[in-house]
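Worksheet: the structure to be examined is printed underneath.
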Amino acid sequence: MLKEITQAELDNYFDIWGEAAEIKCRFMPGVYSKYNVKRGLRNEDGSGVLVGLTEIGEVHAYVIDENEKIPVEGRLIYRGIDIYDLVEGFLSEDRFGFEECAYLLLHGDLPTERELEQFRSVLAAYRSIPEDFVRSNILNVPSRDLMNQLARLVLIWYSYDDNPDDTSVKNLLKQSVNLIAKFPLMAAYSYQAKAHYLDGKSLVIHKPRPELSTAENLLMLLRASGEYTPLEAKVLDLALVLHAEHGGGNNSTFAAHVVSSSGTDIYSSLAAAIGSLKGPKHGGANSKVIGMMEDLKREVKDWGSDAQIRDYLAKIVRKEAFDRSGLIYGMGHAVYTLSDPRCILLREQAEQLACQKGRMEEFELHKRVERLAPEVFREIKKSDKPMCANIDFYSGFVYNMLDIPVEMNTPIFAIARVVGWCAHIIEEHLNGGRIIRPAYKNIKKRQDYVRLKDRGHDSPV
């Protein structure tokens, strides 16, 4: 009969096992270079290993001249259209752009006025969730982490689909539009459930309004009053457009490609993408920026002093401040070098919003950090690598000015990026053809099996 183990014994068991695993499971230094393994699927110059083709999105940040990588101003292309042109198009006409962006990424072409109106009507038709789904799966099962909740809800929605495993283009498009319409509700209702049942706040459940845009509905669903200003909705709409797609190589989209290549359903692929986006090295970075800037505001007495800000940033790089990671969150990018076009576009709108909200001093502080951080990093790290602010540097500040709860920051990323994920999932089913199966080299030395009675002393656990 097995001995009953106490909780204290269980905790001790895993403490000892964890300490042993830290040693036994860690590779010797230099082993990746020895076998020429491209860690993170990155080449030595930082560029990504080419593993696929796409017509959906392009991230451009350098050119190759005589085998030398030359940094250039960042460009983001949606279906062949520069993001600057796309944004200027809907902003100059004083209209929302996310629905047009979603149509473009899914369809491949810009919609006519009639096609855009029809697409908005289709989204509105799907922009509801059955009350029994909300009650049983959201209100009765609140979660402290909204990204985990969102992944769970996507998987549950499989059971509400009459034809979930049909991966024909027609059905994938139908499923995609349905989920794009429902993601804001799933995320907002999940937040309201958490706020009420776990944080003791009032329960606020609004029904979506079909005549409103995605950005307007999201603000309305999150606020007890349901009210918002035109500028607030305009800025959130822009943030959704800028987060909607970022090429096939970003971690969450690649995760969707990998899972889809097995031939599985769209819900499984999207759950994997959400799980990836949750990570602090991916979609969770904007929350880290908020924490870092709050810490900076406390530690730096004079926000107008370059010297004091430099000193604080230097402490971060030396792992002496904030979370001791050595990272200046919101600075640098895996691809962009001289500039991130998403950051530039969002910064422009952030300034307008900061002016309306009376928070220009904080906006100017962000601009100072954006200017000084690359200099500090180069001085301390002795690196000449170009570094620019990425979209996370301003998105967290924007969401804070919009009074959006910090728990919703990464779910908003998912609400936008589900468009790109769905477009890539369809592209993978149409063109992939083979299950994605890269190689891993086993570097463990062979050993003989020893019979139980002949084994020596117990291991630490």
Side-chain angles (χ1 to χ4, degrees), residues 96 98-99 102 120-161 175 177-230 232-237 239-240 243 267 270-271 274 277-278 283 287 398-419:
F96 295 107
F98 180 67
E99 289 74 22
R120 291 179 66 242
S121 296
V122 172
L123 282 173
Y126 282 121
R127 196 177 279 134
S128 65
I129 299 177
E131 288 188 13
D132 69 302
F133 183 96
V134 176
R135 187 166 43 253
S136 301
N137 300 301
I138 300 178
L139 298 183
N140 287 348
V141 193
S143 172
R144 293 202 175 277
D145 191 283
L146 302 188
M147 290 297 284
N148 282 80
Q149 180 78 312
L150 190 56
R152 173 179 160 272
L153 295 176
V154 167
L155 289 173
I156 292 174
W157 196 257
Y158 174 100
S159 301
Y160 285 73
D161 188 333
Q175 292 170 324
V177 175
N178 190 6
L179 289 165
I180 290 167
K182 286 179 169 54
F183 259 47
L185 281 74
M186 289 180 176
Y189 290 164
S190 294
Y191 167 73
Q192 299 294 4
K194 173 192 177 294
H196 178 64
Y197 292 106
L198 301 181
D199 300 335
K201 300 178 182 179
S202 298
L203 180 62
V204 178
I205 299 291
H206 296 308
K207 288 190 176 182
R209 292 168 52 187
E211 73 275 13
L212 299 183
S213 69
T214 301
E216 291 174 304
N217 265 302
L218 185 54
L219 287 173
M220 184 266 293
L221 292 168
L222 288 172
R223 296 179 174 181
S225 67
E227 298 175 352
Y228 51 86
T229 68
E232 287 177 324
K234 174 183 174 183
V235 173
L236 181 57
D237 175 76
L240 293 176
H243 281 99
Y267 303 101
L270 288 175
I274 293 169
L277 189 66
K278 177 192 173 186
S287 297
V398 164
Y399 298 153
N400 184 261
M401 287 193 290
L402 291 173
D403 297 317
I404 290 174
V406 68
E407 301 98 318
M408 279 292 298
N409 285 8
T410 311
I412 287 176
F413 198 155
I415 288 167
R417 185 58 62 83
V418 67
V419 176

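What you see is a predicted model; the values in this text were computed from it and never measured. Side-chain atoms are counted along with the backbone in the values below, which use heavy atoms only and exclude waters and symmetry mates.
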Do side-chain atoms of [X] reach the backbone of [Y] as a donor and acceptor pair under 3.5 angstrom?
{"X": "Asn217", "Y": "Arg209", "value": "yes"}
{"X": "Lys182", "Y": "Ser128", "value": "yes"}
{"X": "Gln149", "Y": "Pro142", "value": "no"}
{"X": "His206", "Y": "Ala224", "value": "yes"}
{"X": "His196", "Y": "Gln192", "value": "no"}
{"X": "Ser190", "Y": "Leu146", "value": "no"}

Should [X] and [Y] count as side-chain neighbours, where that means a heavy-atom distance under 4.5 Å?
{"X": "Tyr267", "Y": "Leu179", "value": "yes"}
{"X": "Phe98", "Y": "Leu218", "value": "no"}
{"X": "Tyr399", "Y": "Val406", "value": "no"}
{"X": "Glu407", "Y": "Tyr191", "value": "yes"}
{"X": "Tyr160", "Y": "Asn137", "value": "yes"}
{"X": "Leu240", "Y": "Ile412", "value": "yes"}
{"X": "Leu203", "Y": "Leu139", "value": "yes"}
{"X": "Asp145", "Y": "Lys278", "value": "yes"}

Would you mind listing every salt bridge (charged side-chain N to carboxylate O under 4.0 Å, His left out) that reaches into [range], with sequence neighbours excluded?
{"range": "residues 134-143", "answer": "none"}
{"range": "residues 124-133", "answer": "Glu131-Lys207"}
{"range": "residues 218-227", "answer": "Arg223-Glu232"}

- Residues which pass salt bridge (Lys or Arg N to Asp or Glu O under 4.0 Å) with Arg152, listed by chain and number, not counting sequence neighbours: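 By the salt bridge (Lys or Arg N to Asp or Glu O under 4.0 Å) rule, Arg152 matches no residue at all.
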- Task: For Asp199, enumerate each residue passing the salt bridge (Lys or Arg N to Asp or Glu O under 4.0 Å) test, keeping only those at least two apart in sequence or located in another chain.
- Result: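 Applying salt bridge (Lys or Arg N to Asp or Glu O under 4.0 Å) to Asp199 gives Arg144, Lys194.
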- Message: Evaluate Leu153 against Phe133 for side-chain contact (heavy atoms from CB on, under 4.5 Å), listing each step before the verdict.
- Response: CA-CA 9 Å; Leu153 295 176; Phe133 183 96; 4.0 Å; yes
Looking at [X] and [Y], what are the two nearest heavy atoms and their distance?
{"X": "Ala102", "Y": "Val419", "answer": "CA-CG1, 3.6 Å"}
{"X": "Val154", "Y": "Ala271", "answer": "CG1-N, 4.4 Å"}
{"X": "Leu236", "Y": "Ala215", "answer": "CD2-O, 3.7 Å"}
{"X": "Ser136", "Y": "Val141", "answer": "O-CG2, 3.5 Å"}
{"X": "Pro210", "Y": "Ala124", "answer": "O-CB, 3.7 Å"}
{"X": "Ile415", "Y": "Ala187", "answer": "CD1-CB, 3.9 Å"}

Could you tell me the separation between the [atom1] atom of [X] and the [atom2] atom of [Y], rounded to the nearest 0.5 Å?
{"X": "Met147", "Y": "Asn409", "atom1": "CE", "atom2": "CG", "result": "11.0 Å"}
{"X": "Thr229", "Y": "Leu402", "atom1": "OG1", "atom2": "CG", "result": "8.0 Å"}
{"X": "Thr214", "Y": "Phe183", "atom1": "OG1", "atom2": "CZ", "result": "13.0 Å"}
{"X": "Leu270", "Y": "Leu155", "atom1": "CG", "atom2": "CG", "result": "9.0 Å"}
{"X": "Ser213", "Y": "Met220", "atom1": "OG", "atom2": "CE", "result": "10.0 Å"}
{"X": "Glu216", "Y": "Asp237", "atom1": "CD", "atom2": "CG", "result": "8.5 Å"}

- Message: Working note: Val177 + Leu123, criterion side-chain contact (heavy atoms from CB on, under 4.5 Å); need CA distance, chi angles, decisive distance, verdict.
- Response: CA-CA 7 Å; Val177 175; Leu123 282 173; 3.8 Å; yes
- Message: Run Asn178 and Asp161 through side-chain contact (heavy atoms from CB on, under 4.5 Å) and show every step you take.
- Response: CA-CA 10 Å; Asn178 190 6; Asp161 188 333; over 6 Å; no
- Would you please name every residue forming a side-chain hydrogen bond (donor to acceptor under 3.5 Å, both in side chains) with Ser143, sequence neighbours left out?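 Checked Ser143 against side-chain hydrogen bond (donor to acceptor under 3.5 Å, both in side chains); zero matches.
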